[in-house]
Amino acid sequence: MLNPEVLEKLGSIVGKERVKTSKEDLLTYAYDAYVMEYLPEAVVFPKSTQEVSQIMKVASAYKIPVTPRGAGSGLGGGSLAKRGGIILCFTMMNRILEVNTANRYVVVEPGVVISELQKEVEKMNLFYPPDPGSANVATMGGAVQMNAGGMRGVKYGVTRDYLLGLEIVLPSGEAMNTGSLTAKDVTGYDLTRLICGSEGTLALVTKIIARLLPKPKARRTLQAIYNRIDDAGNTVARIIEAGIIPATLELMDKMIIKALEDFAKLGLPLDAEAVLLIDVDGDLETVEKQAALVADFCKKQGARDVRVSNSEKDNEQLWMARRGAFGAVARMRPTCVIEDATVPVSYLTAAIKKVIEISERNRVQIAVLAHAGDGNLHPLILCDQRDAEEMERVEKAMGEIVDYALSVGGTLSGEHGIGIAKAKYLPRQLSGTALEMMRAIKKTFDPLGILNPGSFLEYPA
Ligand SMILES: Cc1cc2nc3c(=O)[nH]c(=O)nc-3n(C[C@H](O)[C@H](O)[C@H](O)COP(=O)(O)OP(=O)(O)OC[C@H]3O[C@@H](n4cnc5c(N)ncnc54)[C@H](O)[C@@H]3O)c2cc1C
């Protein structure tokens with residue numbers, strides 16, 4: 001429970017109704033999409049930059065830990081109050097402030113839900129490409145702080161690639177801006193990109209300026225069905241090698257197919273070992289040509305059937321299913337841990353085989369989903385966190401997947417970040433010097449160590 005004096009001050013900044021302290025309220029903010037839980041002492045909902053600034057001044061004066069939070073869909077425990085204190089929840093700062101069609105950018109508050117932004121700009125024939133599977137709930141602030149990727153990464157990149165600038169509040173309470181409204185900007189160090197992906201450990205994001213693209217005129221979704229998962233993996237590597245750039249290139253294994261069918265009855269083939277979901281987009285003529293080319297490519301690589309959707313409604317239905325994959329699989333066991341190790345795309349097939357081998361050897365049930373075009377594996381590890389012996393095997397399997405990815409030049413995390421879930425693996429990828437440099441950066445932004453303490457980068461160490 002926070003010092004009553006502090007609660008009083010917080011109440012006077014935002015009003016008592018936006019400071020939550022009841023056990024029921026606190027429990028609601030004690031978890032995200034990872035397996036751990038930490039109870040905060042208060043949850044505060046700011047509505048303006050000025051309020052955020054004042055809250056941080058109080059937190060600094062009393063040295064109270066503050067953990068920022070968007071929708072809490074993060075997969076690494078990043079938005080949990082690991083050291084107690086205040087959860088600063090941005091869901092009430094949710095206005096789209098400007099859509100600038102002349103210069104193709106949008107200015108939003110951090111609590112705007114990604115899919116709401118996408119829908120709004122699409123009405124003006126503009127396009128915000130980053131599209132995490134969680135886009136219907138995740139916020140722009142969370143996406144910036146996690147550098148969220150998603151299904152269109154293979155052609156359009158990730159959140160970082162669309163940021164022009166930010167308004168941030170430092171842990172001291174001082175507000176400042178980074179970047180500019182221009183597409184090009186090389187004035188000094190790129191603080192916008194430093195904040196992007198910093199997992200809420202450096203500063204609070206209170207405004208985001210994001211670049212937009214013209215909306216592609218047409219899109220086709222292809223479903224390539226394989227009897228052998230190796231052929232699906234090889235198709236992905238060959239498509240990329242051949243210089244074809246689909247908008248999305250997703251792989252689902254047989255466990256995912258079955259879970260989706262049980263859940264949504266889409267007519268997916270239950271006897272297949274893998275399905276690739278592939279989108280091509282652009283001008284109508286280019287799209288028709290690319291769809292035919294990709295279909296031909298899949299067949300040559302061993303697809304037993306390739307279905308091309310005929311309408312936007314069919315496209316949507318297939319992608320809704322893909323978005324539902326995590327939920328569908330998660331129903332199978334009490335706990336589902338999502339791995340996110342990423343490999344160079346030419347290692348995709350080898351990596352999938354390795355995951356299968358690790359799963360069998362450790363007797364751990366793993367379903368494989370992948371943003372395959374990016375080499376970004378999402379092994380979904382099904383388990384029961386109440387079973388200590390099983391969780392030991394899960395930990396071992398996770399460590400082995402990470403080690404394999406690193407051994408082929410990959411990374412611990414392609415998009416879900418480190419949080420508390422992967423903090424222990426950091427020294428396997430980063431040198432001591434790199435970690436020290438990161439701590440020095442953390443100290444510069446947050447000398448008191450009050451912002452998201454206990455997360456991946458502890459300061460003081
Ligand atoms: C089913 C499912 C599918 C997913 N698919 C994808 C995917 O395809 N690609 C992908 O990249 N991720 C994916 N994710 C992970 C997650 O949705 C993303 O990381 C998302 O960007 C988190 O947004 P959020 O609003 O939920 O942030 P939260 O989980 O609330 O917070 C994430 C981090 O950002 C910090 N933070 C949040 N808001 C602010 C702010 N305003 N200022 C400072 N720090 C802040 C928090 O402290 C925390 O460290 C998925 C998750 C789920 C559950």
Side-chain angles (χ1 to χ4, degrees), residues 29 31-34 40 43 45-46 49 52 56 65-82 86-94 108-116 130-154 157-160 166-171 195-208 248 250 319 322-330 336-338 340 342 369-371 374 376 378 380 413-421 423 445-446 451-457:
Y29 293 87
Y31 63 90
D32 63 3
Y34 184 52
V43 184
F45 296 85
T49 305
V52 175
M56 291 315 294
V66 174
T67 305
R69 180 174 172 110
S73 70
L75 292 156
S79 65
L80 305 185
K82 278 81 60 180
I86 301 166
I87 292 272
L88 202 54
C89 185
F90 283 93
T91 47
M92 288 190 185
M93 280 180 79
N94 60 355
V108 298
E109 290 184 327
V112 168
V113 170
I114 301 169
S115 66
E116 299 291 324
D131 193 30
S134 53
N136 287 332
V137 292
T139 65
M140 285 296 290
V144 168
Q145 289 287 340
M146 301 310 289
N147 189 15
M151 300 191 266
R152 298 184 187 128
V154 62
V158 295
T159 303
R160 177 176 57 210
L166 299 171
E167 177 188 80
I168 58 174
V169 172
L170 298 172
I195 299 293
C196 181
S198 64
E199 301 193 17
T201 62
L202 298 181
L204 291 317
V205 170
T206 48
K207 221 173 269 173
I208 299 154
T248 53
E250 299 281 308
W319 287 109
R322 163 60 187 85
R323 279 186 203 289
F326 173 59
V329 172
C336 180
V337 182
I338 307 191
D340 178 42
T342 301
L369 191 65
H371 299 314
D374 297 320
N376 190 180
H378 284 349
L380 306 182
S413 172
E415 58 180 24
H416 296 163
I418 301 302
I420 45 176
F445 277 83
D446 182 20
L451 194 60
N452 212 341
S455 208
F456 76 95
L457 198 65

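Whatever order the structure lists them in is the order used to number ligands and atoms, beginning at 1.
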* Asked: Between Asn452 and ligand 1, which residue portion shows a heavy-atom distance shorter than 4.0 Å: side chain, backbone, both, or neither?
  -> side chain
* Measure Met151 to ligand 1 on non-hydrogen atoms and call it side chain, backbone, both or neither using the 4.0 Å cut-off. => neither
* Asked: Heavy atom of Gly327 under 4.0 Å from ligand 1?
  -> no
* Side chain, backbone, both or neither: which part of Pro110 comes within less than 4.0 Å of ligand 1 when only heavy atoms are counted? -> side chain
* **Part of Met146 within contact of ligand 1 (heavy atoms, under 4.0 Å)** => side chain
* Asked: At under 4.0 Å between heavy atoms, which part of Ser455 makes contact with ligand 1: side chain, backbone, both or neither?
  -> neither
* Asked: Got the closest protein heavy atom to atom 7 (C) of ligand 1, with its distance?
  -> Glu415 OE2, 3.2 Å
* Asked: If hydrogens are left out, which of His378, Glu199, Arg322 has an atom nearest to atom 49 (O) of ligand 1, that is, the closest non-hydrogen atom?
  -> Glu199
* Considering non-hydrogen atoms only, spot the tightest contact between Asn452 and Gly200 and give its length. => CB-O, 3.1 Å
* Give the residue and atom name of whichever protein heavy atom lies nearest to atom 28 (P) of ligand 1, and the separation in Å to one decimal. => Gly72 N, 3.6 Å
* What protein heavy atom sits nearest atom 45 (C) of ligand 1, and how far away is it? -> Gln145 CG, 3.3 Å
* To do: Please work out whether any backbone atom (N, CA, C, O) or any side-chain heavy atom from C-beta onward of Arg323 is under 4.0 Å from ligand 1, and answer side chain, backbone, both or neither.
  => neither
